[in-house]
Amino acid sequence: MLGKCKKRKPLAALLFSLLLFFSLSTSAFGFGSGSNGPDVFAVQGMLKSMGYFSGEISGYYGPETVQGVKTFQKAHGLPVTGAVDDKTLQSILWAYGNLKIPKTPAPAPVPNPAPNPPPAAELSPEEQQMVDLLNQERKQEGLAPLTVDPGLSKTAKLKSQDMVDRNYFSHDSPTYGSPFDMMKQFGISYSTAGENIACNQGVEAAEKALMESPGHRANILSKEFTHIGIGIVDGGSCGKMFTQQFIGK
């Protein structure tokens, strides 16, 4: 999902922690039965984590999603419509943000720890394809291409693998914490940073879905980002899990 960017200012961090959960702004909008895309996928993932949705996390807003939204709305005193409007979205974000996901215990600290970036990761053909598609989009907007950062590609692949292994879909990892926690853990420095995640069957479909979502598109076309890491791992309910991590130096 999403998020725009993080600068090292407390207020910006607070605002970003809310935006991480969903790619759309909270201006008036709504979607419901028959909708399709990464935003539906994100809502399904949050509802499933909270026990309101028992179907497959597919990104398609079918009858099971309608029922899950209705169950959530009824439990939280909202109008039971089965559609996601502003108030329902805000309630889902609040409830999900207060959900306690147990994190893997951190290893015992080593004397004089010196965080090192992860070893360089060569891109797979699919990962290179996604970089090429992404930079084509930037070129069309007159923006400089993003440079692949090997360390960042390693963390992006670890994040995708973690989502597959632990069966979740969120920027907040039970293993690594937020994307910014993860970058810090692996010694990656930046002045601004962001992350896109997606679940899809192929590279072109995933990139198209990200570009159609305002929050994800903003990351891809941000002038502040200079480097990118791509991690694609087979698995998950959609077939493949995608992580794009961005930094500006």
Side-chain angles (χ1 to χ4, degrees), residues 1-9 12-13 15-16 19-20 23-24 37-39 42 115-163 169-171 173 176 178-200 202-233 240-249:
M1 182 218 102
L2 35 182
K4 295 183 179 178
C5 64
K6 177 181 178 181
K7 294 187 177 180
R8 293 179 177 174
K9 297 180 181 178
L15 293 175
F16 189 82
L19 291 175
L20 275 176
S23 63
L24 293 175
D39 299 321
N116 295 314
E122 293 185 3
L123 296 184
S124 69
E126 286 186 320
E127 290 163 349
Q128 185 60 58
Q129 181 187 6
M130 178 162 269
V131 172
D132 293 341
L133 290 173
L134 183 150
N135 277 331
Q136 287 174 18
E137 299 286 356
R138 290 179 63 87
K139 183 177 180 180
Q140 291 176 7
E141 298 296 323
L143 300 171
L146 296 177
T147 301
V148 174
D149 184 286
L152 202 58
S153 287
K154 179 66 175 180
T155 59
K157 184 164 287 188
L158 287 173
K159 177 63 176 291
S160 290
Q161 187 67 60
D162 190 52
M163 289 193 289
F169 185 76
S170 172
H171 291 283
S173 163
Y176 302 107
S178 74
F180 316 114
D181 294 333
M182 189 178 190
M183 291 177 195
K184 181 178 179 181
Q185 177 182 344
F186 287 103
I188 295 173
S189 60
Y190 59 86
S191 61
T192 183
E195 179 181 84
N196 286 346
I197 56 176
C199 183
N200 215 305
V203 174
E204 292 186 4
E207 185 65 20
K208 182 176 184 292
L210 290 171
M211 285 297 294
E212 290 175 350
S213 179
H216 299 94
R217 179 186 177 91
N219 277 343
I220 291 170
L221 300 181
S222 172
K223 296 179 180 178
E224 297 186 35
F225 295 141
T226 56
H227 292 72
I228 188 170
I230 300 284
I232 303 175
V233 174
K240 295 179 186 294
M241 201 69 77
F242 300 80
T243 300
Q244 300 175 339
Q245 291 184 341
F246 307 85
I247 59 172
K249 295 185 176 182

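Predicted, not measured: the structure shown is a model, and the values here were computed from it.
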| remark: Rounded to the nearest 0.5 angstrom, the OG-CD1 distance for S124 and I230 is 9.5 Å
Side-chain donor-acceptor contacts of residues 139-150 below 3.5 Å, not counting sequence neighbours, with atom names and distances?
residue	atom	partner	partner atom	Å
D149	OD1	G151	N	3.0
D149	OD1	L152	N	2.9
D149	OD2	K249	NZ	3.3

| message | Let me confirm one number: the CD1-OG1 distance from I247 to T192, rounded to the nearest 0.5 Å. | response | 10.0 Å
| said: My understanding is that only residues two or more places apart in sequence, or in another chain, count here; which of them pass salt bridge (Lys or Arg N to Asp or Glu O under 4.0 Å) with E212? | reply: K208
| note | When rounded to the nearest 0.5 Å, the distance separating CD1 of I197 from CE of M163 is 4.5 Å
| Is there a donor-acceptor contact under 3.5 Å linking the side chains of D181 and S178? | yes
| E195 and M182, any side-chain heavy atoms less than 4.5 Å apart | no
| query | Are M130 and L123 side-chain neighbours, meaning at least one heavy-atom pair lies under 4.5 Å? | reply | no
| To the nearest 0.5 Å, how far apart are CD in E207 and CD in E137? | 6.0 Å
| Distance from H216 atom NE2 to L210 atom CG, nearest 0.5 Å? | 5.5 Å
| task | Examine distances only and state if a side-chain atom of R138 and a backbone atom of K223 form a donor-acceptor pair shorter than 3.5 Å. | result | no
| With Q129, which residues qualify under side-chain contact (heavy atoms from CB on, under 4.5 Å), at least two apart? | L133, V203, E204
| field | Side-chain donor-acceptor pair present, T155, Q245, cut-off under 3.5 Å | value | yes
| message | Ignoring hydrogens, what is the shortest heavy-atom contact between D162 and S173? Give both atom names and the distance. | response | OD2-OG, 2.7 Å
| request: Any chance you could lay out the side chain to side chain contact (heavy atoms under 4.5 Å, CB included) test for L134 and Q244, step after step, and finish with the verdict? | output: CA-CA 10 Å; L134 183 150; Q244 300 175 339; 3.8 Å; yes
| request: Starting at OG of S153, measure out to CD1 of I228 and round the result to the nearest 0.5 Å. | output: 8.0 Å
| What pairs with F242 under ring-ring contact (aromatic ring centres under 6.0 Å, His included), at least two apart in sequence or on another chain? | none
| said: List the residues meeting side chain to side chain donor-acceptor pair (under 3.5 Å) with N200, not counting sequence neighbours, and say none if there are none. | reply: none
| said: Angle between ring planes, Y176 versus F186, binned at 30° and 60°: parallel, tilted or perpendicular? | reply: tilted
| said: With heavy-atom distances below 4.5 Å as the criterion, would you say the side chains of M241 and F169 are in contact? | reply: yes
| task | Specify the closest pair of heavy atoms between G231 and A156, including all atoms of both residues, with the distance to one decimal. | result | N-CB, 3.5 Å
